[in-house]
Amino acid sequence: VGGPAAKAGLKPGDRITKVQGSAVVSFTDVVRQVAAITVGQSVTFTIRRGDSEQQIKVTAGEGL
C-alpha cells in the first residue's frame, strides 16, 4: 500500500496480463519479471480491470 505501483494507479483486483509487452501466464511470471527491474526504471504493465484492458506506467522504486 502506497508503493510505486499503487501511486501509478494499480489497484487490488487488477490482473496483470503483460509486463513490458511480455505475456504473463502465472504469478511466477510477474515475480520473475518484476525482480529483473532496477530502481528508477519505468515499466509498463498491461492490466485487466473489470471488462477493460489498460496500460499503467510505473517507475520502479524500493519495494515495487
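Here, residue 1 is the first one in the sequence, and each next residue gets the next number.
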Would you please name every residue forming a salt bridge (charged side-chain N to carboxylate O under 4.0 Å, His left out) with R15, sequence neighbours left out?
-> none
Donor-acceptor contact below 3.5 Å, side chain T17 vs main chain T46 = yes
Distance from R49 atom CZ to L10 atom CG, nearest 0.5 Å?
-> 7.0 Å
Under 3.5 Å, is there a donor-acceptor pair between the side chain of Q20 and the main chain of T44?
-> yes
Connected-component partners of F27 among ILVMFWY, side-chain separation under 4.5 Å | V31
Could you check D29, I37, V30 and say which one makes a side chain to side chain contact (heavy atoms under 4.5 Å, CB included) with Q33?
-> D29
Contacts of R48 meeting salt bridge (charged side-chain N to carboxylate O under 4.0 Å, His left out) (sequence neighbours excluded), chain-then-number -> none
Do you know the tightest heavy-atom contact between S42 and T59?
-> OG-OG1, 3.4 Å
Closest heavy-atom pair, V58 versus A8, reported as atoms and distance to 0.1 Å, is CG2-CB, 3.6 Å
